[in-house]
Amino acid sequence: MNPMTQSDTLFQRAQHSIPGGVNSPVRAFKAVGGTPPFIQSAQGARVVDVDNRHYIDYIGSWGPMICGHAHPEVVEAVQKAMSRGASFGAPTEKEVQLAETIINLVPSIEMVRLVNSGTEATMSAVRLARAATGRDSLLMFEGCYHGHGDAFLAKAGSGLATFGVPSSPGVPQATVQQTLTLPYNNLQAVNDLFARHDAGIAAVIVEPVAGNMGCVPPEPGFLQGLATICRRHGTLLIFDEVMTGFRVARGGAQELYGVTPDLTTLGKIIGGGLPVGAYGGRRDLMQQIAPSGPVYQAGTLSGNPLATAAGLATLNILSQPGFYETLEWRCQRLCAGISSILESNAIPHVATRVGSMFGLFFTNNKTVKNFDEANTSDRIRFNRWFHGMLQQGIFLAPSQFEAGFLSIAHDDAIIDATLDAAQQVAFTLTVP
Ligand SMILES: *Cc1c(COP(=O)(O)O)cnc(C)c1O
């Protein structure tokens, strides 16, 4: 028996006061078992837990920390903002600056509204799409995550029924009846659905690179095809770029793949680690939001001075020339390195990557294109990999169904150390 760590003690204590001991389910390590390290601090590419163990971090707060933890410019910006007062409930110049920066960098966004989380952004974007089209139904894809709004907590019904069914207790059947769900990367299924259903679909919402079933890139033509079908049927296309925005490219997936959605949701990176979300898009649509239009949406802390300061500082850093090129080749080296180590140990796997976002599936399949294929992965092998790497001081996402993230602070030495650890762990995976 290992002695109790500080994290063990805190985790036990937390169970009494917080459901499952955590404030968001994935942090509880349910998929891999064991105690999650409680973090006391972080700097650059590393986090330190309450037992003073240091880890190279590939979670990056699930995406926001693209500049690395506690970047001095972000820290300074937030400290300055705090010293001027945390929140006013009245407009500030920084909000205008952040909106203008987002509009400058994301191709399809002409106007934008700031909110406090990705969940709020997607809920609001769907409300707007329903208002603008006068339709109620929504199409999403299996394995995509759009936050925890009721309308998104749906899964496909069985058989021929196209009505969604709730994927969580507490979600009214009536709410998700309007949510249709199809397999990711299956354009034919989308065409078939529209042929049967066309009048009622307000919006198609999609993660342009899926990052919540592991990292699953779009097949060539998938996003373009969605845009074409939507245009033909008067349906709005919503890119949920809460994860991919400022991650897979400076202008997000829409810039990378050259596809223009009607509406875009953002979050994670635009808050630089503070709670922010945003939704934006075509001016004629965004002008329907209150108070310029009738579609209601509001927020006491929206456009919060600390959050906008952190977001602006982060967007300023990632606007430097070469930022994305550096991330790209470093992540490429990391993923190719891990893949070749696994290969030389004859461990079947699929490694995926778009920019600095990556996934690893222990499957015999040749590709992973949707949720069913992601589900063919060997969970026991993944758990061994995950815990082996954690013991080596490498903190990976605690589930095969989550993407990993690199920051600009992950330099060559950090990647070398990660590959050394992978070498140690890979051969243990071959033992039955
Ligand atoms: C994280 C995420 C969300 C939800 O954002 P929160 O800030 O956690 O509410 C929505 N969509 C996608 C694609 C995400 O990755």
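Just so you know, these numbers use all the heavy atoms, side chains as well, and skip hydrogens, waters and symmetry mates.
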Look only at the side chain of R113 and the backbone of A290, and say whether a donor-acceptor pair between them is shorter than 3.5 Å. yes

Across all chains, not counting sequence neighbours, the ring-ring contact (aromatic ring centres under 6.0 Å, His included) partners of F361 are none

Between D51 (side chain only) and Q6 (backbone N and O only), is there a donor and an acceptor less than 3.5 Å apart? yes

Separation between CZ (R135) and CD1 (I201), nearest 0.5 Å, reads 8.0 Å

- Query: Do V74 and I317 come within less than 4.5 Å of each other through their side chains, counting heavy atoms only?
  - Reply: yes

Here the gap from E93 atom CD to E100 atom CD, rounded to the nearest 0.5 Å, amounts to 9.0 Å

Per-pair distances, 0.1 Å, donor-acceptor, side chain in residues 19-43, under 3.5 Å, sequence neighbours excluded:
{"residue": "T35", "atom": "OG1", "partner": "D8", "partner atom": "OD1", "Å": "2.6"}
{"residue": "Q40", "atom": "NE2", "partner": "D49", "partner atom": "O", "Å": "3.0"}
{"residue": "Q43", "atom": "NE2", "partner": "A70", "partner atom": "O", "Å": "3.4"}

How about T244 and E241: does a side-chain donor come under 3.5 Å of a side-chain acceptor? yes

Distance col, row H349:NE2 vs W385:CH2, nearest 0.5 angstrom, shows 9.0 Å

Is any side-chain heavy atom of F194 closer than 4.5 Å to one of R232? no

(Q) Are the side chains of L318 and I408 in contact, using a 4.5 Å heavy-atom criterion? (A) no

Could you check whether the rings of F362 and F382 sit parallel, tilted or perpendicular, using 30° and 60° as the cut-offs? tilted

Got a donor-acceptor contact below 3.5 angstrom from the R250 side chain to the L105 backbone? no

Got S302 and N116 here, is their nearest side-chain heavy-atom distance under 4.5 Å?
yes

Would D192 and Q188 count as having a side-chain donor-acceptor pair, cut-off 3.5 Å? yes

When rounded to the nearest 0.5 Å, the distance separating CH2 of W329 from CD1 of I415 is 7.5 Å

ring-ring contact (aromatic ring centres under 6.0 Å, His included) filter on H71, not counting sequence neighbours, yields none

Sequence neighbours excluded, the answer for ring-ring contact (aromatic ring centres under 6.0 Å, His included) partners of F395 is Y55

Practice problem: Ignoring hydrogens and angles, state whether a donor on the side chain of S356 or R247 is under 3.5 Å from an acceptor on the partner side chain. | Solution: yes

Is the ring pair Y58/H410 parallel, tilted or perpendicular, if the boundaries are 30 and 60 degrees? tilted

Next item on the list: For E402 and S399, test the side chains for any donor-to-acceptor distance below 3.5 angstrom and give the result as yes or no.
Entry: no

Side-chain donor/acceptor of T179 to backbone N/O of A154, under 3.5 Å = no

(message) Any non-hydrogen side-chain atom of D240 less than 4.5 Å from a side-chain atom of M140?
(response) no

Should T376 and T363 be marked as a side-chain hydrogen bond (donor to acceptor under 3.5 Å, both in side chains) after you check the CA-CA gap, both sets of side-chain angles, and the distance that decides it? CA-CA 6 Å; T376 62; T363 173; 2.7 Å; yes

So side chain to side chain donor-acceptor pair (under 3.5 Å) across residues 304-325, not counting sequence neighbours, yields none

Please output the side-chain donor-acceptor pairs of residues 206-230 that fall under 3.5 Å, not counting sequence neighbours, one pair per line with the distance.
{"residue": "E207", "atom": "OE1", "partner": "G211", "partner atom": "N", "Å": "2.9"}
{"residue": "E207", "atom": "OE1", "partner": "N212", "partner atom": "ND2", "Å": "3.0"}
{"residue": "E207", "atom": "OE2", "partner": "Y145", "partner atom": "N", "Å": "2.8"}
{"residue": "E207", "atom": "OE2", "partner": "N212", "partner atom": "ND2", "Å": "3.4"}
{"residue": "T228", "atom": "OG1", "partner": "Q224", "partner atom": "O", "Å": "3.0"}

Would you call R84 and P305 a side-chain contact if the rule is heavy atoms closer than 4.5 Å? no

Taken to the nearest 0.5 Å, the spacing of I56 CD1 from Q392 CD works out to 10.5 Å

Interatomic distance, CG@L301 vs CG@L306, rounded to 0.5 Å, equals 9.5 Å

task = Please tell me if the side chains of I102 and L266 come closer than 4.5 Å, counting only heavy atoms from C-beta onward.
result = yes

Query raised in the report: Taking everything shown except F88 itself, do over 12 heavy atoms lie less than 6.0 Å from its CZ?
Result: yes

ask   = With a cut-off of 6.0 Å (strictly less than), are more than 12 heavy atoms of other residues, nucleotides or ligands near CZ of R46?
value = no

#### Entry: P398 and L390, any side-chain heavy atoms less than 4.5 Å apart
no

